[in-house]
Structure formats: structure tokens, C-alpha cells
Amino acid sequence: MNREERLERMRHSAAHIMAEAVQSLFPEAKFGIGPAIENGFYYDFELPRPLTQEDLPIIESKMKEIIDADLPFIREEVSKEKARLLFATQPYKLELINELPDAIVAIYKQGSFTDLCRGPHIASTGEVKAFKLTHIAGAYWRGDERQPMLQRIYGVAFDSQAELEDYLLRQAEAAKRDHRKLGKELDLFSIHEEIGPGLICWHPKGALIRQIIEDFWKAEHIKQGYDIVYTPHIAKLDLWKTSGHWEFYRDYLYPPMEVEGQQYIIKPMNCLGHIMIYKSQLRSYRDLPLRYAELGTVYRYERTGVLHGLARVRGFTQDDAHIFCRPDQTEAEVMGVVELAKFMISTFGFGDYELLLSTRPEKYAGTIEMWEGATESLKRVLEKLKLPYKLDPGEGVFYGPKIDIKLRDALGHAWQGPTIQVDFNLPQRFNVCYIGADGLEHNVTMIHRTVLGSMERFLACLIEHYGGAFPVWLSPVQAVIIPIADRHIDYTHQVGNELEEEGIRTQVDDRSERMNLKIREAQLNKIPYMIIVGDNEVASSNVSLRLRSGEDIGSQTISQVKAKIRRDIEAKC
RNA sequence: GCCAGCGUAGCUCAGGGGUAGAGCAGCGGUUUCGUAAACCGCUGGUCGUCGGUUCGAAUCCGACCGCUGGCUCCA
């Protein structure tokens, strides 16, 4: 048994132990399910009263008693009949029993607690070495919002106290990288109750980072044969009826507004504008592929409970593009997009990401042949590029299969970023065609794609990835010049001007404050270079260089410093 | 949207039925200093909003708004 399997078994057993503890405190508890998860476990309960944070230590100490008693886990196999009797007061367990395919089901007992469970488990409760209950949350029975909401207790468990403490410490460190916290501390963006939830105000420093990314994005897209376009933020409702969005996507749309007797809505997607541009002329098969790219701001109504800083908002800018191509070009185009996405996110330092290939859902547009053909193309691209990916069966959008790339935030939550979606629906609904070599009209294949996801979510991940210490090329302030005493101020401005002329974003800190305070603030603002000047520097026409790592490089000529900063900017690291 | 928790000065937070507190920030001074916080003084809040209970509410109750952790959903 490898480490992961052993840990999973132990964590699952910890869930049973927690269930026993809860049962002893609430004899009338009804039990849902209690699996192992990454780093720990949870169990869902229906209880006579809401749990509070204060209940957790009580449950923990009860769990410790059970662990200290070192009770064996005993597996038994019983008939469904017997299981129904055993769990007669447990409606959720009965529901599970009824759905199990076999006539015989497994149960596990430890101490006074018996659970319907496939197993496997550890030999006895004493094998749980280190655990902690972390939080309580509501969770729908079977993850279905029409079902009752149960109370879920989450815990973490490890092989040793040291590993547990290490994990908790890492979580605490990760919390410091939270983009919502850093966004405020580094003065990057804000969200206002007065404006509305999920709507972002970008402050000068955050806007500057975004602008650098957008400039880079545009330049790379132009290199890759994309054409930059702009399309309106509102459009007639009829357009969205034709596209099917009004029918399939209505819950996410802001209600229509009436203008001159016509209904308009704010766009939730950019595709329709791009289609209109495509359709403004007759297109020959020789013109394809056409790639229209737009940093397009869209608005979607998201339920209040799902909003999260920059990562899940109601107004966001997609780094969108739509590729119109012939079916025989699809694979090459998807290949180009995957490579571009890989290049973009690796430029921003993301090495660790997940690729998912989603296939045909139950409700779908187009024919099975179209789906299979496109899904195979996507698969071949991933295989040719030797990219490891997971299949996400049935999770495609109704209009076509897709490849998603997920980026992780500081706390390990995976957010969908780049996405590449083949679309069989819109070309038909809008009759998006080209004239083939045969002189006849053919539907184009349309590919919707982003290579960052959205500026908001990407920035959220980026802030957390770097913990706010952005690489030099993205740092809003790249160098701060700090005089030791007021008599050095003239010289700091002189140095500052030289750096500015070199295109380095420089700030001269000429406030009447002590150098130590200025260094501290520069550190807290995660400014990459601190350039300190005092009597020695003025006398020698040099500067003293300190890095945000804390490293004191010491005396350098101004041209040495300029060259170093330029090199670091160009290396994008 | 659902479950739970939370909302006190610009920020971080204490207080908890008798009418508001700290540190930092800000402002005014003093200090001119060698690699992560100099010193003194001052200003600053209808305690998220609206209702209710009470002689009296920031404190208790209700509704709403917002935030946090999950669930569901997603770029």
C-alpha cells in the first residue's frame, strides 16, 4: 500500500470516528456520507440544532477518547434486508442501501458506531495519529440544491503531529497570499457596496499591472495572426434569442432595458459581435481561418453566494477570441491555441496547472458524428503535445466539446482559466458560412477561446501565485530611491531621472522620514529594488542597492543598476 | 440562491443594555538618521441600514444590505 492509499484509508476512518463522536453527543443525528478528501475528511449530518465553532473542540476531545481506546474496525457483510433493519432510523443510509446494486452490502463497526461503508479502513482507531476539525459548512444532501441541507464538518488528518502542524502553518502562510487581502494592502483594486457586489474598481497600481498584461497579450496575439476587434457592450435582445442564450443562459443575463421600444441586454459573451463582423462580408474558403480577438468586458448575473474577490465576479473582461475556420483546419487551430495558452501562462510563472477535456453532455446541439470528430481532434492535439489531461465526461457545453485549463489559488482551490471550446451551434443558428472550392456554402467551425480566462480571475491567481511580489516587468513600482538624510534628496532625484529615462518605473521617497521606515514600507509594498543613497554614494556618484529578498548588494554604479534592472525586466522574471 | 458565522474610526481589532476604545494611518510639530516601524501633540465613529423591545440599544429581537467559510453553479 502506498502512502496516498494509506492516508486516504486513515482519513476515511477518521470520518467514521467523528461520526461516532457526533452520535454520542447527538443520539438523534442522521448520517449522510463521510469520505476522505485531499488532506482530510468530512462527514455530513442532520442535527437537532446548528453547530457552532465551539462544538468542534468538544467533538475533537470525544474523538480523542475513541482513538485512545484503540477500537478495532470490524467489517461485516449483510443482506440488504438486514441492513435496512440496522439503519431503520437513518433515512439517508436507507436511500443509499436501496440504490446499491448487490444483494449483500458491507458495514463497518467501531465501538458504538456502525456505518454503511464499502471500506477499506485501518485496523483500529488508534492508527489515527494527528487530526484537527477545521470548519463547519452547509452541504446539500447528494450535492443537489433541491435536497435538504445537512451540516458538514471538515477535518484534516496526517501521519504525525509534525505533519499536521506543518500543514496548518502552510495554510496560514497561504492565507497571507489571499488576493483579497493583498489587493487591499498593495492598493490594487477595490469592491464597493455602493457600486454593487462582484464589480471591480481597479486602482492605479492594479490597473497598471493589468495594462502590462493586456499589452503583452495583444502583441502576442498579433504575432499569432489574430486581428484585434471591438464590439458593443449592449445589443438587442433578439440577437440573444437567435443565439439561444436567452433560452439556455437566461439565469445569468441581466434583465433587458427598453430603448426606443426595443429591448436591449448587456452582453454576457463576446461571440455575437464577432459573428456579425464575420458576416459583414461573403467569406471564401481561402480567407479562413479568421481569428478575431477582443479584451471584451461581459456582465453575468452570478448568485451572491458564489462571488469571491476578483476570482468570481459579475463584470469581467475575457481575453476572448473566436476563430472561424474550415472543419479541416480545426485541429491545427486548436493546436495553435493550446500552445499559445501554454506559452502565456508559463510566461506568468504558472508551471502547475490541470488540463481537462470535457465531452458531450446530455443536452447537446449538432450531431453525434460532429461531436465525436471534434472530441477526437481535441484529444489528438493534447496527445501530440504530450500534455497530461483528465477526461471530464459529459461536462462539455451544450454547443461543443472543450479543453479547460485550471489554475490554483494560494489555498489550493482550482479556478478555470483558459478554455478552448468548439461550437457547432452558433454557426448554424446564424448561418455562419464560407464559400467552398465547390462554390457552395458551408458552415464554419467556430472556436471560442481564452488563453488567460478573464483579466479579473487571472489577476487573482497571479497575485496569489507571487504573493504580491510580482516579477519586475509586472511590478507597478520597480525601484524606490531612498535618501538617508534630506541633504541627499537632490541626488536621489538625479538618480530617479536617470532610471526613468531608462524606462524603469521609479519612485523617489523624499518624505521627511527615517530611512528605516522607507525601507520597511518598500518591503511591505514588495518593490523589487531599493536604491539607497547617503554621503558615500553622493561622494562616489554611486548608489547602494537592496533587493526585496532582503539581500544587500551594496555599492554599484548607476549604469550597473540600470543594466541589472533592464536585464531582469527583459527576462520577465 | 441555500446553511452557518460576521459587520465598531481609512486599516487591523478590543468592548457588549446606562449613551464609544487601542495600535497603525492622517494632520501639526520636533528629529536628519546607513538597510524592516524616531519622538510629542491633535483630529477622526449617527458602532452596515431600517424597524421593534426597553426609562434607556453599538449591545437584545426581526427584516434588508454586504462580507467570510462551504454547498450548488462558473471565466
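Because the structure is a prediction, the values reported are computed rather than measured. Below, chain A is the first sequence line, B the second, and so on; all start at residue 1.
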Rounding to an integer number of angstrom, what distance separates [N] and [M] when you compare their [atom1] atoms?
{"N": "B/A20", "M": "B/C13", "atom1": "C1'", "value": "14 Å"}
{"N": "B/U72", "M": "B/U53", "atom1": "C1'", "value": "38 Å"}
{"N": "B/C55", "M": "B/U19", "atom1": "C1'", "value": "13 Å"}
{"N": "B/U49", "M": "B/C67", "atom1": "C1'", "value": "15 Å"}
{"N": "B/A22", "M": "B/U35", "atom1": "C1'", "value": "30 Å"}
{"N": "B/C47", "M": "B/A58", "atom1": "C1'", "value": "4 Å"}
{"N": "B/A63", "M": "B/C24", "atom1": "P", "value": "41 Å"}
{"N": "B/G62", "M": "B/U54", "atom1": "C1'", "value": "16 Å"}

Could you identify which residues of residues 41-60 of chain A place a heavy atom less than 4.0 Å from some atom of RNA chain B, listed by residue number, or say none? A/P50
Base contacts versus sugar-phosphate-only contacts with protein, heavy atoms under 4.0 Å: please encode nucleotides 61-70 of chain B as B, S and - from 5' to 3'. ----BSSSBB
What's [X] touching, base or sugar-phosphate or nothing? Going by heavy atoms closer than 4.0 Å.
{"X": "A/D320", "answer": "nothing"}
{"X": "A/V313", "answer": "base"}
{"X": "A/E537", "answer": "base"}
{"X": "A/G534", "answer": "base"}
{"X": "A/N536", "answer": "base"}
{"X": "A/Y252", "answer": "sugar-phosphate"}

Assess whether one donor atom and one acceptor atom, taken from the side chain of A/R303 and the base of B/C2, lie less than 3.5 Å apart. no
Is it the case that B/C74 (base atoms only) and A/R457 (side chain only) share a donor and an acceptor within less than 3.5 Å, ignoring hydrogens and angles? yes
Please figure out whether A/D486 or A/I532 has its closest RNA chain B nucleotide nearer the 5' end. A/D486
Does the side chain of [X] come under 3.5 Å of the side chain of [Y] through a donor N or O and an acceptor N or O?
{"X": "A/T317", "Y": "A/T297", "value": "yes"}
{"X": "A/T450", "Y": "A/D320", "value": "no"}
{"X": "A/Y154", "Y": "A/R152", "value": "yes"}
{"X": "A/Y529", "Y": "A/R546", "value": "no"}
{"X": "A/T231", "Y": "A/K267", "value": "yes"}
{"X": "A/W141", "Y": "A/E46", "value": "no"}

Does the side chain of A/I191 come within less than 4.5 Å of A/I200's, by heavy atoms? yes
Under the 5.5 Å and 30° test, is A/W415 stacked on the base of B/A75? no
Tabulated below should be each protein N or O lying under 3.5 Å from an N or O of nucleotides 12-16 of chain B; please produce it.
from	atom 1	to	atom 2	distance (Å)
B/U12	OP1	A/K184	NZ	3.4

Under the criterion side chain to side chain donor-acceptor pair (under 3.5 Å), which of A/H322, A/Q318, A/H221, A/H274 is the partner of A/E294? A/H274
Based on Watson-Crick and G-U pairs with both distances under 3.5 Å, what dot-bracket line describes RNA chain B 5' to 3', crossing pairs as [ ] and inter-strand pairs as |? (((((((..((((....[..)))).(((((.......))))).....(((((..]....))))))))))))....
Report the residue from A/W415, A/W217, A/F348, A/F316 that forms a ring-ring contact (aromatic ring centres under 6.0 Å, His included) with A/F458. A/F348
Distance below 4.0 Å between A/Q318 side-chain N/O and B/A75 OP1 or OP2: no
List the residues meeting side-chain hydrogen bond (donor to acceptor under 3.5 Å, both in side chains) with A/S243, not counting sequence neighbours, and say none if there are none. A/H245
Sub-3.5 Å pairs of nitrogen or oxygen atoms, protein against nucleotides 36-39 of chain B:
from	atom 1	to	atom 2	distance (Å)
B/A36	N7	A/R546	NH2	3.4
B/A36	N6	A/Q523	NE2	3.2
B/A37	N9	A/R520	NE	3.4
B/A37	N7	A/R520	NE	3.4
B/A37	N7	A/R520	NH1	3.2
B/A37	N7	A/R520	NH2	3.4
B/A37	N6	A/R520	NH2	2.7
B/A37	N1	A/R520	NH2	3.2
B/A38	OP2	A/R514	NH1	2.6
B/A38	O5'	A/R514	NH1	2.9
B/A38	O4'	A/R514	NH1	3.3

